[in-house]
Number of protein chains: 2
Amino acid sequence: MTRPPSTRILLADDHALVRRGVRLILDSEPDLTVVAEAGDGAEALALARVHAIDLAVLDVAMPRLTGLQAARELSRRSPATRILLLSMYDNDQYFFEALRAGASGYVLKSVADRDLVEACRAVMREEPFIYPEALTALMREYLQRVARGERLPGSILSAREEEVVKLIAEGRSSQEIADLLVISVKTVERHRANILAKLEMRDRTQLTRYAIRAGLIEP
Amino acid sequence: MTRPPSTRILLADDHALVRRGVRLILDSEPDLTVVAEAGDGAEALALARVHAIDLAVLDVAMPRLTGLQAARELSRRSPATRILLLSMYDNDQYFFEALRAGASGYVLKSVADRDLVEACRAVMREEPFIYPEALTALMREYLQRVARGERLPGSILSAREEEVVKLIAEGRSSQEIADLLVISVKTVERHRANILAKLEMRDRTQLTRYAIRAGLIEP
DNA sequence: GGCGGAATCCGTGGCAGCACCCATCCCGGA
DNA sequence: TCCGGGATGGGTGCTGCCACGGATTCCGCC
């Protein structure tokens with residue numbers, strides 16, 4: 001009998017060493033084949049244009065275009081392509097954002113290699129994959145929020161707010177940001193206040209860590 | 001003729017997926033064998049105690065004990081063991097700190113898999129390994145500093161200062177830090193000022209990014 | 001056509017971050 | 001022995017962060 005064709009995978013991560021390792025893991029499975037590698041989100045989109053891709057495995061934090069941004073664009077341009085996001089961080093905020101960005105799965109880099117392979121297969125079977133660690137963490141978080149009567153998924157930042165977060169996390173002052181964006185200092189402060197409220201944070205250091213987790217800037 | 005025995009490697013990285021990939025890369029070389037894996041610096045030290053290790057490949061940023069801290073301890077306890085530090089970041093500051101911590105090599109995760117293998121071999125031959133990207137960057141930096149008549153290697157933080165950096169980067173206020181360390185707020189501010197001067201930085205957001213790069217905290 | 005949300009701007013005010021000056025104590029190395 | 005550096009504490013003052021109130025415009029959606 002004929003076996004089903006191997007899943008054609010696009011792999012994107014900004015670290016060549018990690019890319020190579022993950023590729024070895026995936027290629028050792030007969031039903032998974034990495035057909036293209038990208039070092040950032042923009043390159044991933046370009047490669048997705050010229051290659052026939054079944055599945056894109058994208059690191060969340062990449063220069064130029066983050067994995068989340070690339071996922072949004074990719075799912076818009078070719079909805080048939082499945083997307084799996086790789087993340088360093090176990091954070092429900094990003095998990096929900098990943099789903100919103102069109103990803104079918106979200107896998108932590110801290111998990112074992114078997115889980116990644118299983119996630120690829122689950123996503124190709126059109127089953128959403130949730131890694132077990134996230135499942136418990138998400139359920140705990142969900143139950144806590146429901147118990148406190150909060151609306152659950154939490155807030156996402158607008159494009160403008162994301163822009164401001166990026167600049168704040170780069171260490172720019174409000175005045176500098178105002179000059180760069182050609183808006184008033186007060187508006188920058190208003191944005192910052194809204195962002196801090198949305199993310200339930202207190203100051204710029206926490207925003208900096210958020211921006212790094214989200215892949216908006218590099219440490 | 002008998003071939004030389006394979007190098008016994010301890011591999012430490014907090015991401016199981018990365019660990020697995022790097023292990024595949026190393027194990028595919030006949031002269032390199034990963035005999036133990038650790039998920040953080042403390043576990044790495046414990047494993048180095050019970051295994052016969054020729055070479056430790058340590059990620060710089062790990063929870064509990066960072067790769068730099070583990071390297072310091074490991075080179076003190078068993079100077080014969082070679083140490084190779086893996087880093088996400090191309091930063092001369094960390095490069096020098098790595099050497100000071102007793103490492104024989106410093107490899108970026110952005111480099112190709114061949115370079116890691118070559119670095120392992122070079123280190124085992126007692127040749128210090130410097131990846132080409134760093135070489136040019138370090139030389140450029142070096143020449144700039146010499147041209148400006150500065151003392152070159154730059155400053156390293158004291159243990160106390162490192163402690164303060166960690167708390168600042170976690171988003172604590174000066175008052176909170178003072179309470180935690182049972183010192184005056186003024187002393188915290190004095191430490192912060194010294195740290196900012198040493199690292200040639202401006203504010204807490206940059207310190208936050210520094211702490212993440214150094215593996216003192218997780219994003 | 002109203003309604004909500006995003007983006008823009010303004011004022012007031014407190015407190016913290018940060019700069020620059022100062023001092024003391026202790027310890028280890030020249 | 002003295003010197004230097006680290007850790008500690010203090011004073012003064014400016015600037016910027018951040019909270020709190022308000023406002024307008026525009027746009028898309030029901």
Side-chain angles (χ1 to χ4, degrees), chain A residues 69 72 76 96-97 100 150-211 214 216-217, chain B residues 72 76 96-97 100 150-211 216-217:
Chain A
Q69 295 169 326
R72 275 191 275 270
R76 197 184 59 77
F96 285 118
E97 284 195 36
R100 240 185 295 259
E150 300 175 19
R151 72 272 173 259
L152 64 139
S155 40
I156 200 174
L157 301 182
S158 70
R160 191 59 155 178
E161 285 168 342
E162 204 162 80
E163 203 170 358
V164 173
V165 167
K166 190 172 183 304
L167 292 169
I168 290 175
E170 280 174 355
R172 314 273 190 169
S173 71
S174 295
Q175 182 60 61
E176 286 175 330
I177 297 173
D179 294 343
L180 283 168
L181 300 183
V182 199
I183 56 179
S184 155
V185 175
K186 298 305 289 186
T187 304
V188 175
E189 293 181 345
R190 198 7 89 235
H191 281 312
R192 189 189 51 216
N194 290 338
I195 293 164
L196 289 178
K198 277 190 184 179
L199 301 180
E200 295 176 11
M201 291 178 176
R202 233 177 48 188
D203 54 35
R204 295 176 305 150
T205 63
Q206 294 179 300
L207 274 188
T208 301
R209 296 169 71 182
Y210 169 85
L216 294 175
I217 61 165
Chain B
R72 274 191 276 270
R76 197 184 60 75
F96 286 119
E97 282 195 37
R100 240 185 298 258
E150 298 175 20
R151 73 270 174 262
L152 64 138
S155 42
I156 199 173
L157 301 183
S158 71
R160 191 58 155 178
E161 286 168 342
E162 204 162 79
E163 202 171 358
V164 174
V165 166
K166 191 173 181 303
L167 291 169
I168 291 176
E170 281 174 355
R172 314 271 191 171
S173 71
S174 296
Q175 182 59 60
E176 287 174 330
I177 297 173
D179 294 343
L180 283 168
L181 300 182
V182 197
I183 56 179
S184 155
V185 174
K186 295 305 292 184
T187 305
V188 176
E189 293 179 344
R190 175 87 257 138
H191 282 313
R192 189 190 52 214
N194 289 339
I195 293 164
L196 289 178
K198 276 190 185 179
L199 301 180
E200 297 177 9
M201 292 178 177
R202 236 178 45 189
D203 55 35
R204 297 175 304 149
T205 63
Q206 292 179 299
L207 274 188
T208 301
R209 296 169 71 180
Y210 170 85
L216 294 175
I217 61 163

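Chain identifiers are assigned alphabetically (A, B, ...) following the order of the sequence lines, protein sequences preceding nucleic acid strands; residue numbering begins at 1 within each chain. Worth knowing before you read on, the calculation uses all heavy atoms, side chains too, and leaves out hydrogens, waters and symmetry mates.
When the shell of 6.0 Å around CZ of B:Arg192 is examined, it contains more than 12 heavy atoms from other residues, nucleotides or ligands. Annotation for B:Arg172: atom CZ does not count as buried by contact number, only 12 or fewer foreign heavy atoms lying within 6.0 Å.
Residue B:Ile195 contributes atom CD1, which lies 11 Å from atom P of C:dC18 at whole-angstrom precision. Taking atom CD on A:Glu162 and atom P on C:dA6, their separation rounds to 14 Å, with Å as the unit. Atom pair A:Asn194:CG and D:dA19:P shows a separation of 11 Å (rounding to whole Å applied). Between the P atom of D:dG5 and the NZ atom of B:Lys198 lies a distance of 11 Å, rounded to the nearest Å. Across the protein-nucleic acid pair, B:Lys186 atom NZ and D:dG13 atom P stand 12 Å apart, rounded to whole Å. Between B:Arg190 atom CZ and D:dG11 atom C1' the separation is 12 Å, expressed in whole Å. Taking atom CZ of A:Arg192 as the reference point, atom P of C:dA7 lies 17 Å away to the nearest angstrom. Atom CD of A:Glu189 is separated from atom C1' of C:dG11 by 11 Å (rounded to the nearest Å).
At the heavy-atom level, B:Asp203 lies under 4.0 Å from the strands shown only through sugar-phosphate atoms. Here B:Gln175 lies out of heavy-atom contact (under 4.0 Å) with every strand. At a threshold of 4.0 angstrom between heavy atoms, the contacts of A:Thr187 include nucleobase atoms, whether or not backbone atoms are also involved. Within 4.0 Å (heavy atoms only), A:Arg204 reaches sugar-phosphate atoms of the nucleic acid but no base atom.
Contact check for B:Leu157 versus B:Leu199: side-chain heavy atoms found under the 4.5 Å cut-off. In this structure the side chain of B:Asp203 reaches within 4.5 angstrom of the side chain of A:Arg204, judged on heavy atoms.
Across every non-hydrogen atom of B:Leu216 and B:Val165, the tightest pair is CD1-CG1, 4.0 Å.
Between A:Ser174 and D:dG16 there is no side-chain polar atom (N or O) within less than 4.0 angstrom of OP1 or OP2. For the OP1/OP2 pair of D:dT8 and a distance below 4.0 Å, the side-chain nitrogens and oxygens of B:Arg160 include at least one atom meeting the criterion. Phosphate contact (OP1/OP2 of C:dG5, side-chain N/O of A:Ser158, threshold under 4.0 Å): absent.
Remark on DNA chain D: of its neighbouring residues B:His191 and A:Ser173, the 5'-side contact belongs to B:His191, judged by nearest-heavy-atom nucleotide.
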